[in-house]
There are 2 protein chains.
Amino acid sequence: MRLATLQDGTPDGALVIVSADGARALPAETSLIAAIADWARSEPALRALAARVEAGHGDPLDPARIRAPLPRSWQWLDGSAFSQHGDLMQIAFNLPPIETDRPLMYQGLSDRFYGPNDPVPFASEADGIDFEGEFGVIVDAVPMGVTAAAAAAHIRLIVQINDWSLRAIAPVEMKTGFGWVQAKPACSMAPFAVTPDTLGPDWRDGRVCCDLVVTWNGEPFGRVCGDQMAFSFPELVAHAARTRDLVAGTIIGSGTVSNREYATRGSACISERRAIEMIADGAPQTAFMAHGDRVRMEGRTRDGHAPFGAIDQIVVSA
Amino acid sequence: MRLATLQDGTPDGALVIVSADGARALPAETSLIAAIADWARSEPALRALAARVEAGHGDPLDPARIRAPLPRSWQWLDGSAFSQHGDLMQIAFNLPPIETDRPLMYQGLSDRFYGPNDPVPFASEADGIDFEGEFGVIVDAVPMGVTAAAAAAHIRLIVQINDWSLRAIAPVEMKTGFGWVQAKPACSMAPFAVTPDTLGPDWRDGRVCCDLVVTWNGEPFGRVCGDQMAFSFPELVAHAARTRDLVAGTIIGSGTVSNREYATRGSACISERRAIEMIADGAPQTAFMAHGDRVRMEGRTRDGHAPFGAIDQIVVSA
């Protein structure tokens, strides 16, 4: 089942159920944040709509109306579960290795998620504007102390995210130990949230085993796979819920998708490419984004489908 | 003007305007999160209610129904603006000094704020259960890049907060640079949010120049004043808004109130007292909280009023 949120003038938008080919949609007469708050009750009705839309019902889906599946949520907890990303970022930031055997996670801005084609405003190119392509999950209400095994059943939807990052600020904030505020402005989401079953064998071991295809100003930048997470999404959910109940609609991110085979697969953020250049040449060669730059990110299943649709955005001056 | 939120079965609760003596209240027919989203329009109506309640109208206020003024909000950004607190915490955590000339700030859990008398559940005493008494402000919508001078006008309400903290986890998470997730469960708020004018001369230089009186299991623990912030609240708001619009209802915290005169004034968290003991005796003497323990925190103006009411809570087993 694929879900999207359309612009209807309200903060949370109008939930629709979308056909597998993305051409048609049926309105769900609710918002996703309302539906996820009582998923056990809302899911059967949404599944019934999905059956109808697959049977040919529904209106043409207007891409111009598509917002983030959750235009806002109460909680966004972003992991950093790809070890290869962490290793390269330590080089990029010139920081010592992080010594921990636990998942890395920070709480980020969740009052606004940009839609997949929204222009994204940044005040200054000097802040080091970078994208971070990742996958995420949306959970229903999760009780404090949940085990990873029990957490899996709370993962109701999977999304694709661009975690916009400001690299000139990130290491400065990181050194304080307080995490990121200025370095992590609002994220963007791809058009469609999907139920895990939609991914078939590509939702495996609690990981989104899809490729993430990234282009920057039309040039190929990376084609990285989500399978190399050091911790699974259920483990990230359990980590997040160790001392708090997770409110329904909480989004948990994988962190930047990154692979050991970066020489052939490339990256899902500029900072990693710069670190790779530092290793190879002693200094970074690639500049961060400029106003007017465009980034496109599309998750692909092994059979070539793009279940989340694409994020395709331009960076603009704030 | 004093505002409170009453339990009415909804997630956001029912906003009431409370008399200066706390005895009576008039319903505002909205929630605080809705009112703050359009403060320019809602404030005059709320002020009119305040005039009526001061004229003797209204129903008796039932303390048992009082929730946090904002039982949930879209964003909670907590500063650490008292240098004395930072200096003592570095000793408590055995970490090197934080080298930064900017305000310290992290984004915390905002989907739930406990009411002033709610029992607060914690899974394990071994996590090092501690309180942190602080003041905070609630802003309306703040544009990205706001100056500190312009930020002051966006500070609409002032609140009193207990930022519950788990000290066995905090330094572990801090060392990752990602900030705190497990170490910072939901906070609590005192009964009343007040407009800045309510504090009179005790809202000064962008600081809440009230005493915060803390007792632990009935024993005096600290009486610290909010005037020694190294950065004012408008400066904290501007820091938070450097790269993001702040959504209306954002709560910005001062961090634990702490004074240079800790020898006579005491502290607003146990960890500070332990650091002071480490300085004096080489080792901490005071244990963290146990299930069943009670903490009370009450802000006091110089003329002895308690504009926020009191947080008075018991720690229970999750």
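Every chain is numbered from 1, with letters handed out A, B, ... down the list of sequences.
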- Query: Going by distance alone, is a donor N or O of one side chain under 3.5 Å from an acceptor N or O of the other, for B:Thr10 and B:Asp12?
  - Reply: no
Heavy-atom side-chain contact between B:Ser165 and B:Phe131 under 4.5 Å = no
Bottom line for B:Met105: the part with an atom under 4.5 Å from chain A's heavy atoms is both
In plain terms, say whether A:Glu132 and A:Arg167 are close enough for a salt bridge, that is, a side-chain N and a carboxylate O under 4.0 Å apart. yes
Greatest number of non-hydrogen atom pairs under 4.5 angstrom with chain A, of B:Ser73, B:Pro171, B:Ser110, falls to B:Ser73
The interface call for B:Ser124 against chain A, heavy-atom contacts under 4.5 Å, is neither
Tightest non-hydrogen contact, residues A:Ala148 and A:Pro234, listed as O-CB, 3.3 Å
If one checks every heavy atom of B:Leu246 against chain A at 4.5 Å, the contacting part turns out to be neither
Output for pair (B:Ile252 CD1, B:Leu77 CG), nearest 0.5 Å, gives 4.5 Å
Smallest heavy-atom separation, A:Gly253 atom then A:Leu236 atom, equals O-CD1, 3.6 Å
Pair count under 4.5 Å, heavy atoms only, with chain B: among A:Val172, A:Asp127, A:Leu166, A:Asp78, highest is A:Asp127
Exercise. Backbone N or O of B:Gly255 within a donor-acceptor pair of the B:His85 side chain at under 3.5 Å?
Worked result: no
The interface call for B:Ala318 against chain A, heavy-atom contacts under 4.5 Å, is side chain
The interface call for B:Thr176 against chain A, heavy-atom contacts under 4.5 Å, is both
Heaviest contributor of heavy-atom pairs below 4.5 Å to chain A, chosen from B:Leu104, B:Ile169, B:Thr100, is B:Leu104
Problem - Step-by-step side-chain hydrogen bond (donor to acceptor under 3.5 Å, both in side chains) determination, A:Arg244 to B:Gln182 - result: CA-CA 7 Å; A:Arg244 62 177 70 180; B:Gln182 294 183 350; over 6 Å; no
Comparing A:Lys184, A:His239, A:Glu173 against chain B, the one with the most heavy-atom pairs below 4.5 Å turns out to be A:His239
When the 4.5 angstrom heavy-atom criterion is applied to B:Leu95 and chain A, the contacting part is neither
Scored by heavy-atom pairs under 4.5 Å with chain A, the best of B:Val181, B:Thr250, B:Val247 is B:Val181
Applying a strict 4.5 Å limit to non-hydrogen atoms, the region of B:Gln75 in contact with chain A is side chain
